[in-house]
Number of protein chains: 2
Amino acid sequence: METAPDLRRRQSDAYLRDCPSREILDLVANRWTALVVGALVEGPLRFCQLRRRVEGISQKVLTQNLRALERDGMVRRAVYPTTPPSVEYSLTELGEGVGRHLVALRGWVEAHLPQMHAARAAYDARAGQVEPEE
Amino acid sequence: METAPDLRRRQSDAYLRDCPSREILDLVANRWTALVVGALVEGPLRFCQLRRRVEGISQKVLTQNLRALERDGMVRRAVYPTTPPSVEYSLTELGEGVGRHLVALRGWVEAHLPQMHAARAAYDARAGQVEPEE
DNA sequence: CAGGATCCTTGTCGATACTG
DNA sequence: CAGTATCGACAAGGATCCTG
């Protein structure tokens, strides 16, 4: 670990190894994290609701992501000691900030999907010519 | 592979398995992809320049990412048959679009790093009390 | 310089089973 | 319901060598 990270180099340069942005990029650079935060943007959810919302996520990975997000101050965890117990997850101010960006990014991606698929098809067709296999 | 993906379900819902957004999220949800695109936002770069810019990336992974980005129409690859050969990578219109979002996201993250680290420290201190081990 | 082809070490994820 | 714990499978990533 870096007990005294050399933050004086270039603090706004995520391209250096010791830049703290790297660890935060890991937060976003997780296919599930983006979906979990995106789901919570629409409002607080309980564990199983979240699990159903983010289709395909395993309970283990969901727990992992929630803990990591909670650790970084993105997600608030509220336990209601009812029977059966219910735990509600919601975004903090911080989480909503990053959530806005993720939603914007997802919106952009969805709007430009056709172009990407077209580019992909063109690329594959080109590659398929020189390499007819597969 | 999906020859005929069921796009008619809910096209703007990335939470379903068969939503095409998932595959695109994979593009962004890669720690390296975000850095590569971010590097190219500032201008075209050659392979080795790119490799030096994105510190810590291996040549294999850089190639992989570039090919994937090229396939999706994000990156343009220009080969100049000089000696030694030089290959220049630049963003397409599409790539600049997603690049803007990534830069914005990174800017936000860098601006809020102190809050995240504070939250993290608080969380770790809290966890360290109940679990003095490690 | 730009990259293809290997091997091999990781971490990540999914499935299952069990607690409160 | 809301988790924790453990195991195994798989793929991403890193290191190295080699080509044009």
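The structure presented is a predicted model; accordingly, all values stated were derived computationally and were not measured. Order of the sequence lines sets the chain letters (A, B, ...), proteins ahead of strands, with each chain counted from 1.
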**Prompt:** Does OP1 or OP2 of D/dC1 have a side-chain N or O of A/R46 closer than 4.0 Å?
**Reply:** no

**Asked** Looking at B/R51, does any N or O in its side chain come under 4.0 Å of the phosphate oxygens OP1/OP2 on D/dG14?
**Response** no

**Message:** Rounded to whole Å, how long is the line connecting atom CD1 of A/I57 with atom P of D/dG3?
**Reply:** 13 Å

**Message:** Within this structure, what is the OG1-CG distance for the pair A/T33 and A/L102, rounded to the nearest 0.5 Å?
**Reply:** 9.0 Å

**Message:** Looking at B/Y89, I'd like to know whether one of its side-chain N or O atoms comes within less than 4.0 Å of OP1 or OP2 on C/dC1.
**Reply:** no

**Message:** Less than 4.0 angstrom between a side-chain N/O of A/R67 and OP1 or OP2 of D/dT4, yes or no?
**Reply:** yes

**Prompt:** For A/R76, does its backbone N or O pair with a side-chain atom of A/T92 as donor and acceptor, under 3.5 Å?
**Reply:** no

**Prompt:** Out of D/dG3, C/dG14, C/dC1, which nucleotide sits closest to the side chain of A/K60?
**Reply:** C/dG14

**Prompt:** When you measure from the side chain of B/R52, which nucleotide among C/dG3, C/dC1, D/dT6 comes out closest?
**Reply:** C/dC1

**Message:** Check this one for me: any side-chain N or O of A/R77 less than 4.0 Å away from OP1 or OP2 of D/dG3?
**Reply:** yes

**Request:** Taking B/E70 for its side chain and B/R67 for its backbone only, find out whether a donor-acceptor pair lies under 3.5 Å.
**Result:** no

**Closest to side chain of A/P85, choosing from D/dG14, C/dA2, C/dG20** = C/dG20

**Earlier contact from the 5' end, DNA chain D, for B/Q59 and A/V87** = A/V87

**Request:** Could you tell me whether the side chain of B/E110 and the main chain of B/G107 form a donor-acceptor pair under 3.5 Å?
**Result:** no

**Nearest-angstrom distance from the residue atom CG of B/L62 to P of C/dA2** = 10 Å

**Fill in**
Picking from D/dT4, C/dG14, D/dG13, the nucleotide nearest the side-chain atoms of A/T63 would be D/dT4

**Message:** Quick check for you: to the nearest 0.5 Å, what is the distance between A/L35 atom CG and A/L50 atom CG?
**Reply:** 10.5 Å

**Asked** Which whole-number value in Å describes the distance from A/Q49 CD to D/dG3 C1'?
**Response** 16 Å

**Item:** Spacing between B/L50 atom CG and C/dA2 atom C1', to the nearest angstrom
**Value:** 12 Å

**Item:** Side chain of B/C48 - closest among D/dG14, C/dA2, C/dG14
**Value:** C/dA2

**Request:** Write down the distance between CD (B/E88) and C1' (C/dG3), rounded to a whole number of angstrom.
**Result:** 17 Å

**Complete:** Atom CG of B/N65 and atom P of D/dG14 are separated, to the nearest Å, by 10 Å

**Request:** Could you work out which one of D/dA2, C/dC13, C/dA2 sits closest to the side chain of A/F47?
**Result:** D/dA2

